[in-house]
Amino acid sequence: MGVRFLTSYIIENDDKFLCDYDLQDTKLIIDGSSLIFFLYEHYKIPHQFGGDYDIFARRCKEFFNILTQCNVTPVVVFDGADDPNNMKLTTLEGRMYRQINKLSSEKEEFFLPHLSFVTFRQVLVELDIAHVASLYEADKEIAVLANKLGCPVLSNDSDFYVFRLSRGYIPLACIGELVPKQNATSGIPTFYLKVKLYRSEDFLSKEFDMKDDEYMLPVFATLMGNDYFDSRGITLSLQRNPKYMLRPDPKEPQNIIQWICKTDFISGKTAFWEIWRELPENMKFSKLFEESVIYYQDIKDFAIVKMDMFLYGNRNEDYLRRSAVNEDNDYTETSMTLYQRKSGNLSEVEDRDGNLLPSWFVESSAKCDIKCSFFLNIAINHRLIFKPQKEMVKSSSSHSCSRRIRRYIYSIVLGSKDTYVEENDRMEEHPRKYFVEPFDKLPIRANLASIPELSHTDRVNLLYAALGVRPGAKVTMDKKLNRSSEIFILVSALWMKNAKPRITERHLTTLIIGVLVLHAKELKQANKFAMTDLPQHLYRDIVKAMQHCACIDSIVELGRRFNKSETSHCQPNHDVHAYTQFQSCYLHTLYLNQVLQSPVCIPSPSMTLNCTFLYKFGLHLKNERYPNRYITSLLGDGSSIHNIFKKWKAAVLVSSLERSLMKKV
């Protein structure tokens with residue numbers, strides 16, 4: 001939840017609180033959300049036009065390959081839903097309001113692109129990296145997991161300066177260079193990452209002259225202020241030592257430290273109780289103070305998911321054996337194998353109405369097979385808080401385009417009952433709450449309890465129905481098209497029908513050419529055009545079309561020409577806004593597919609969208625006098641790749657026209 005100004009205090013005194021550390025030969029618990037933001041900043045990944053997911057995926061792989069070189073085994077943990085006690089609601093809404101205000105800024109602002117998490121998780125699956133989601137905020141669960149596995153934490157969250165982590169905390173900002181080191185015995189070079197390590201016991205010793213105390217740092221952090229406890233405006237004066245008064249100011253942590261030292265508490269626990277008694281009860285300060293301190297102090301076990309057991313329960317036996325060898329933890333090869341049993345790994349989780357959520361749904365959330373934060377916020381809080389994107393501030397939010405798909409999701413998760421989901425979004429430059437109801441009736445009856453019993457055909461039909469296809473209707477006239485192609489066509493048609501401002505044929509042409517460019521580049525680099533063992537993140541129809549295509553090199557060159565890094569500020573225009581709306585349609589289609597237990601393979605965003613290319617090539621196409629002739633010349637008239645382009649484009653245009661004639665739901 002973050003301690004105000006604590007990070008800046010630590011970094012300003014890094015020689016005092018941080019020590020040099022060679023990161024190698026260990027597990028490493030990684031705060032997934034923090035890492036995604038770090039990678040964008042560290043690698044300067046382009047985001048000015050809405051997200052270059054192929055570049056993002058490549059940089060993610062580079063980072064994890066560096067860890068592999070250092071013999072570091074990463075374990076990635078993600079946040080879950082907002083806590084139903086709503087203690088952070090004001091903070092979350094405030095962040096959204098500030099992001100909305102940044103949309104009008106004349107300077108370049110960072111907005112995390114829509115599909116970053118989806119792309120990141122695809123990389124984790126592809127590289128077989130262990131990952132799991134906490135059902136609620138992950139910080140405390142990460143601390144518990146790190147201590148159980150006996151390894152450090154990597155994050156940029158200031159809460160980790162407070163938790164008592166047995167192997168310390170590595171701030172993401174303090175990651176250095178990869179360094180080769182010669183092994184004196186074998187002569188084989190090994191590698192380590194130069195980082196800075198923080199240990200809470202060092203802070204405790206140097207600031208409070210204490211060797212071991214589980215309460216003092218939580219008390220100090222709470223007086224600094226966080227999402228639970230706002231210390232500003234209170235005055236502390238203890239009865240036994242009234243001459244020392246404190247008006248906590250998070251910008252002056254040294255004053256808080258000095259006051260604690262002057263007051264001369266016997267222990268941190270004594271400080272906790274004496275301060276607790278002095279806080280004004282009529283403003284609930286004492287209760288909030290207590291909850292904050294306990295949050296930091298109580299990290300002995302997990303709250304809901306037994307993450308250590310659950311994390312490795314679905315891994316293969318070889319991985320479990322590797323994880324259990326030469327590690328300073330309590331596990332043995334025998335006990336790790338026992339974790340494959342599912343029972344006891346999850347506590348019962350209730351929705352907002354007190355009904356138990358199905359175990360498959362909770363388990364899928366923890367495994368990241370479905371987006372935990374999205375689905376549990378619907379099921380438990382009946383609320384979503386959307387983060388603004390690179391889009392035109394004078395237009396509706398990009399999420400308006402995909403509301404139909406979300407209504408299907410709400411119907412499945414909540415049931416067709418008298419309820420709604422509060423969507424916190426924006427209308428132009430103003431925050432706005434939309435109260436969105438599920439559909440009264442779905443073409444196929446489905447809820448969370450019944451999903452596992454539905455046939456594969458029924459689940460596919462539900463997905464297609466959400467995208468505007470009546471049960472039994474044809475998606476395209478070409479029966480040879482793969483389902484992933486059909487999903488792209490249907491998402492594109494929904495986008496063309498609902499996007500505001502209106503989408504033009506040029507936008508559609510550019511989008512399809514962008515997919516072709518990404519595949520040509522991927523296949524050229526891998527030098528693999530065979531259909532056997534084809535990765536799931538590719539469109540099979542495009543790979544098949546490119547097997548004997550003479551224009552591959554020219555398509556790759558087209559990508560290079562219109563995909564140069566952009567560092568200048570880009571005020572979002574119609575083109576940028578258009579592709580951001582497509583991303584929202586794509587994202588929520590993927591979420592619907594997840595809750596239907598993935599009956600269709602939806603390729604990765606890294607093979608679908610590079611928004612820098614879309615923006616620049618779109619401008620180029622706009623200036624072409626005869627754009628259709630240009631595309632024909634580019635792809636080769638009558639070539640297999642030109643044929644797949646024409647099939648996709650024609651199918652989207654026909655489907656979007658049919659929807660325009662249908663009655664709006």
Side-chain angles (χ1 to χ4, degrees), residues 46 48-55 476-478 481 485 488-489 491-493 495-496 499 501-525 529 538-539 541-566 570 572-583 607-657:
Q48 289 82 355
F49 302 108
D52 294 358
Y53 298 106
D54 57 323
I55 298 175
T476 70
M477 296 303 295
D478 190 339
L481 284 179
S485 294
F488 179 89
I489 289 164
V491 170
S492 300
W495 167 57
M496 290 196 75
R502 298 288 297 176
I503 298 303
T504 68
E505 185 177 338
R506 174 178 64 88
H507 290 114
L508 176 60
T509 297
T510 303
L511 179 66
I512 298 174
I513 292 295
V515 178
L516 298 179
V517 166
L518 290 171
H519 280 69
K521 184 178 178 181
E522 176 82 359
L523 295 172
K524 185 76 173 177
Q525 288 178 342
F529 293 83
L538 299 173
Y539 290 90
D541 290 328
I542 294 179
V543 176
K544 185 176 180 180
M546 287 186 172
Q547 281 182 301
H548 306 291
C549 185
C551 62
I552 291 291
D553 290 337
S554 62
I555 297 176
V556 172
E557 182 57 36
L558 184 75
R560 292 195 189 102
R561 179 181 171 191
F562 293 104
N563 191 29
K564 294 180 181 178
S565 297
E566 186 70 34
C570 168
N573 59 11
H574 182 196
D575 288 0
V576 173
H577 193 81
Y579 299 122
T580 304
Q581 291 178 94
F582 175 83
Q583 291 185 57
M607 288 292 100
T608 308
L609 288 158
N610 179 301
C611 291
T612 296
F613 173 84
L614 297 181
Y615 179 81
K616 293 184 175 182
F617 182 71
L619 289 180
H620 175 75
L621 202 61
K622 190 175 183 180
N623 294 325
E624 281 286 335
R625 187 173 182 181
Y626 302 106
N628 289 333
R629 291 184 189 176
Y630 172 71
I631 296 299
T632 300
S633 173
L634 177 70
L635 301 180
D637 191 13
S639 70
S640 57
I641 199 66
H642 188 224
N643 288 337
I644 199 72
F645 166 81
K646 290 191 296 183
K647 288 177 183 178
W648 276 25
K649 184 176 177 180
V652 172
L653 291 174
V654 170
S655 184
S656 60
L657 178 61

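Note: hydrogens, waters and symmetry copies are ignored here, and every other heavy atom, side chains too, is used. Numbers for residues simply follow the sequence, beginning at 1.
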Quick one: closest heavy-atom pair of [X] and [Y], and the distance?
X      : Y      : answer
Ala545 : Ile641 : CB-CD1, 3.9 Å
Val576 : Asn573 : N-OD1, 3.1 Å
Asn643 : Gly638 : ND2-O, 3.6 Å

Using distance alone, with no hydrogens and no angle criterion, decide if [X] and [Y] have a side-chain donor and acceptor under 3.5 Å apart.
X      : Y      : result
Thr510 : Tyr615 : no
His577 : Thr580 : no
Asp541 : Ser485 : yes

Atom pair [atom1]/[atom2] of [X] and [Y] - distance to nearest 0.5 Å:
X      : Y      : atom1 : atom2 : value
Met496 : Phe582 : CE    : CZ    : 11.5 Å
Ile489 : Lys647 : CD1   : NZ    : 10.0 Å
Lys616 : Cys611 : NZ    : SG    : 12.5 Å
Leu523 : Ile552 : CG    : CD1   : 6.5 Å

Determine whether [X] and [Y] make a side-chain contact, defined as any pair of heavy atoms from C-beta on separated by less than 4.5 Å.
X      : Y      : result
Thr612 : Phe617 : no
Leu609 : Leu511 : yes
Ile542 : Leu516 : yes
Phe645 : Thr509 : yes
Leu558 : Phe613 : yes
Asp553 : Lys524 : yes
Tyr539 : Thr608 : yes
Ile644 : Leu481 : yes

Quiz item: Strictly under 6.0 Å, is that where the ring centroids of Phe488 and Trp495 end up?
Solution: no
Quiz prompt | Tyr630 ring center near His620 ring center (under 6.0 Å) | solution = yes
Practice problem: Could you list all the salt bridge (Lys or Arg N to Asp or Glu O under 4.0 Å) pairs where at least one residue sits in residues 504-521, not counting sequence neighbours? | Solution: Glu505-Lys649, Arg506-Asp575
Practice problem: Please indicate whether Lys622 has more than 12 foreign heavy atoms, meaning atoms of other residues, nucleotides or ligands, lying under 6.0 Å from its NZ. | Solution: no
Judged by atom type as modelled, is there a donor-acceptor pair below 3.5 Å linking the side chain of [X] to the main-chain atoms of [Y]?
X      : Y      : answer
Ser554 : Cys551 : yes
Asn610 : Asp52  : no
Glu624 : Arg629 : no
His519 : Val543 : no
Asp637 : Ser633 : no

Self-check item: His507 and Tyr579: CA distance, side-chain angles, deciding distance, side chain to side chain contact (heavy atoms under 4.5 Å, CB included) verdict
Solution: CA-CA 8 Å; His507 290 114; Tyr579 299 122; 3.7 Å; yes
Practice problem: Please step through side chain to side chain contact (heavy atoms under 4.5 Å, CB included) for the pair Ile555 and Leu635, ending with a clear verdict. | Solution: CA-CA 8 Å; Ile555 297 176; Leu635 301 180; 3.9 Å; yes
Practice problem: Could you walk me through whether His642 and Leu634 pass the side chain to side chain contact (heavy atoms under 4.5 Å, CB included) test, one step at a time? | Solution: CA-CA 9 Å; His642 188 224; Leu634 177 70; over 6 Å; no
